[in-house]
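Below, chains carry the letters A, B, ... as their sequence lines are ordered, and counting in each starts from 1. Only this structure's heavy atoms are used, side chains among them; waters, hydrogens and symmetry mates stay out.
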Protein chains: 2
Amino acid sequence: MLLATEHSGSKNADAKAKQNEHSCPHNHAVSCLDCRMGKICLPVALKDSDIVELDEIVKRGRILQKGDHIFRAADAFSSVYAIRSGYVKTYRLTEDGEEQITGFYFPGEVVGMDGISKSKHQSSAKALESAAVCEIPFGQFQNLTLKMPHLQTHFFQLMSQEITEEQQLVTLLSKKNAEERIATFLLTISARNAARSMSATNFRLPMSRTEMGNFLGLTVETVSRTLSRFAKQHLIDLNQKEVSIVEVEKLRLTANLDS
Amino acid sequence: MLLATEHSGSKNADAKAKQNEHSCPHNHAVSCLDCRMGKICLPVALKDSDIVELDEIVKRGRILQKGDHIFRAADAFSSVYAIRSGYVKTYRLTEDGEEQITGFYFPGEVVGMDGISKSKHQSSAKALESAAVCEIPFGQFQNLTLKMPHLQTHFFQLMSQEITEEQQLVTLLSKKNAEERIATFLLTISARNAARSMSATNFRLPMSRTEMGNFLGLTVETVSRTLSRFAKQHLIDLNQKEVSIVEVEKLRLTANLDS
DNA sequence: CGGCCGGTTGACTAATTTCAAGCAGGGTGG
DNA sequence: CCACCCTGCTTGAAATTAGTCAACCGGCCG
């Protein structure tokens with residue numbers, strides 16, 4: 001959902017990937033066993049034979065262009081989706097038709113779990129840039145969990161984490177001012193990148209300023225101004241969507257994360 | 001969590017209760033089979049024999065005084081809790097020690113699901129007034145779900161709904177102004193009461209103005225002023241914590257729920 | 001009785017939004 | 001190839017909403 005200080009990631013996620021270099025990261029047909037997302041995604045503490053079974057129900061290799069929907073609010077719910085590459089946003093429409101972004105999702109994360117309760121998706125999911133996702137048909141998946149308690153546990157944990165992350169977002173919206181929100185946001189992205197063995201200090205924001213503001217409960221103008229100010233204060237370097245975090249500690253202070 | 005326009009409740013929830021009038025609503029030892037919460041809580045689409053099994057693991061009859069905690073953030077997670085009577089709030093502390101209320105919970109609802117992911121509760125739950133809860137040890141419960149697919153499905157749905165409700169709260173905090181937030185809040189409580197066959201128009205707010213403001217991202221003063229204004233405009237009648245909704249439609253308009 | 005807490009109300013302040021204008025980059029069509 | 005336009009972003013100035021500070025009220029408890 002994007003808003004967690006803790007990394008759920010595993011530093012050695014790519015150890016296994018190295019062992020399987022025959023599977024190119026852009027080979028969308030690669031199996032769960034070889035997937036470079038490793039345990040970030042679903043397969044956790046499963047025997048290889050179990051993973052094979054899981055493999056059989058996962059529909060791999062759905063490719064999305066920027067702006068394509070994975071699913072839309074009110075669509076019948078049948079699957080959850082693991083993001084293999086690219087970035088995705090989820091959003092809902094308010095009563096008066098405005099978009100409210102409820103989360104940004106990174107590779108290895110799972111979207112669509114809010115559709116379970118009413119058998120209908122409650123939000124829409126859309127690719128921020130070209131992306132690839134694995135579809136996990138929920139009915140079959142659920143059957144599998146009955147045979148594989150670890151898999152069930154893992155999915156409970158995924159959902160539970162989603163709840164926790166939404167709660168953090170609630171807290172941010174309720175208590176933090178514009179500066180704190182944006183600093184927190186940047187640090188969150190940084191942490192998530194680190195969890196994926198990507199640079200924690202240099203990265204490209206996959207969303208527009210408008211989307212950032214929408215997610216953080218701010219106007220574009222406020223986002224723009226605040227980022228400019230951070231750059232002027234040399235907390236970050238800013239070049240369009242490219243961000244370098246220069247002064248992590250000061251940024252943490254601005255975010256009000258420690259002290 | 002409190003913030004859903006839809007009722008998950010069932011109007012005939014008390015039909016069964018009537019059949020079992022030997023079980024007084026204040027008899028905390030009553031079994032799940034007879035519990036007047038009926039399907040609002042967990043037992044859904046289960047055979048009576050299954051309910052008996054569920055019954056065996058549920059620890060009924062924990063009584064709480066106002067201010068007592070059900071669990072605290074950072075406590076080891078071992079159970080989720082169904083509220084049998086009374087009202088409960090959940091909250092987390094921000095980095096600088098302030099309380100952020102993340103939800104108000106009504107009888108029949110379940111708290112503690114955010115503790116699953118890290119085996120530690122991520123929030124605290126506290127009784128707003130005297131209350132009674134049923135403890136559901138999660139490990140045993142999970143074992144049960146492996147044998148009872150319907151029970152598993154129901155729990156997935158509960159968690160999914162929690163996610164949906166947090167998303168609605170996010171939208172409220174991000175997009176609505178003070179008036180809209182408070183009107184929405186009142187209507188939500190009204191709907192939840194209706195779902196429990198209680199009056200949709202006359203009820204007592206179980207929380208203080210401060211707690212309301214905290215939950216809605218507003219100060220006490222703003223809450224107080226806005227409620228006073230609603231009363232002056234005769235949208236509601238207000239007497240301390242007692243509220244009567246006088247003009248539902250106008251209130252809906254103010255909340256920006258239809259149009 | 002005094003003090004404290006929760007709630008209300010008023011006056012002032014400050015933060016963010018709103019409105020407005022301008023700029024840069026990318027794509028399209030003449 | 002250039003002009004034009006559109007979109008996304010930035011920046012400034014004015015407007016507005018909610019927050020802050022402060023005083024006061026009433027009920028409850030020691």
Exercise. Could you give the CG-to-C1' distance, from A/Asn177 to D/dT20, as a whole number of Å?
Worked result: 15 Å
Problem set entry | Selection from D/dT10, D/dA22, C/dG25 that lies nearest to any side-chain heavy atom of A/Gln240 | C/dG25
Problem set entry | Working for ring pair (Phe, Tyr, Trp, His ring centres under 6.0 Å), residues A/Phe215 and A/Phe104 | CA-CA 9 Å; A/Phe215 178 66; A/Phe104 294 112; 5.1 Å; yes
For this session: Measure from NZ or CZ of B/Lys89 to the centre of the six-membered ring of B/Tyr91 and say whether it is under 6.0 Å with the direction within 45° of the ring axis.
Result: yes
Exercise. Can you check the B/Leu128 CG to C/dG6 C1' distance for me, whole Å?
Worked result: 15 Å
Exercise. Can B/Thr222 and B/Thr219 be said to form a side chain to side chain donor-acceptor pair (under 3.5 Å), step by step?
Worked result: CA-CA 5 Å; B/Thr222 303; B/Thr219 57; 3.0 Å; yes
Exercise. Closest to the A/Thr219 side chain: D/dT20, C/dT8, C/dT17?
Worked result: C/dT17
For this session: Scan B/Gly213 against the nucleic acid and name what it touches under 4.0 Å (heavy atoms): base, sugar-phosphate only, or nothing.
Result: nothing
Seminar exercise, completed: Looking only at D/dC9, C/dA20, C/dT9, the nucleotide nearest the A/Arg209 side chain is D/dC9
For this session: Choose from D/dC9, D/dA18, C/dT8 the nucleotide whose nearest atom is closest to any side-chain atom of B/Val220.
Result: C/dT8
For this session: Would you please say whether a donor-acceptor pair under 3.5 Å links the side chains of A/Asn202 and A/Ser244?
Result: yes
For this session: Send over the distance from B/Ile182 CD1 to C/dT8 C1', rounded to a whole Å.
Result: 13 Å
Exercise. Phosphate oxygens OP1/OP2 of D/dG8: is one of them under 4.0 Å from a side-chain N or O of A/Thr210?
Worked result: no
Problem set entry | Distance in angstrom units between A/Glu179 CD and C/dA14 C1', rounded | 14 Å
For this session: Confirm from the modelled atom types if B/Arg225 and C/dG10 form a donor-acceptor pair under 3.5 Å, side chain to base only.
Result: yes
Exercise. Between D/dG19, C/dT18, C/dG7, which nucleotide gets closest to the side-chain atoms of A/Glu221?
Worked result: C/dT18
For this session: Decide whether A/Glu179 and A/Thr254 meet the rule of one side-chain donor and one side-chain acceptor closer than 3.5 Å.
Result: no
For this session: Would you kindly give the NZ-to-P distance between A/Lys175 and C/dA15, to the nearest whole Å?
Result: 18 Å
For this session: Report the distance from atom CG of A/Leu205 to atom C1' of D/dG8, rounded to the nearest whole Å.
Result: 14 Å
For this session: Specify the separation, in whole Å, of atom CG of A/Leu216 and atom C1' of C/dT17.
Result: 16 Å
Problem set entry | Nearest-nucleotide pick for B/Thr222, side chain only, options being D/dG12, D/dA18, C/dG6 | D/dA18
Problem set entry | Nearest-Å distance for atom pair CE/C1', residues A/Met212 and C/dT16 | 16 Å
For this session: Please work out if B/Ser228 contacts a base, only the sugar-phosphate, or nothing of the nucleic acid, heavy-atom cut-off 4.0 Å.
Result: sugar-phosphate
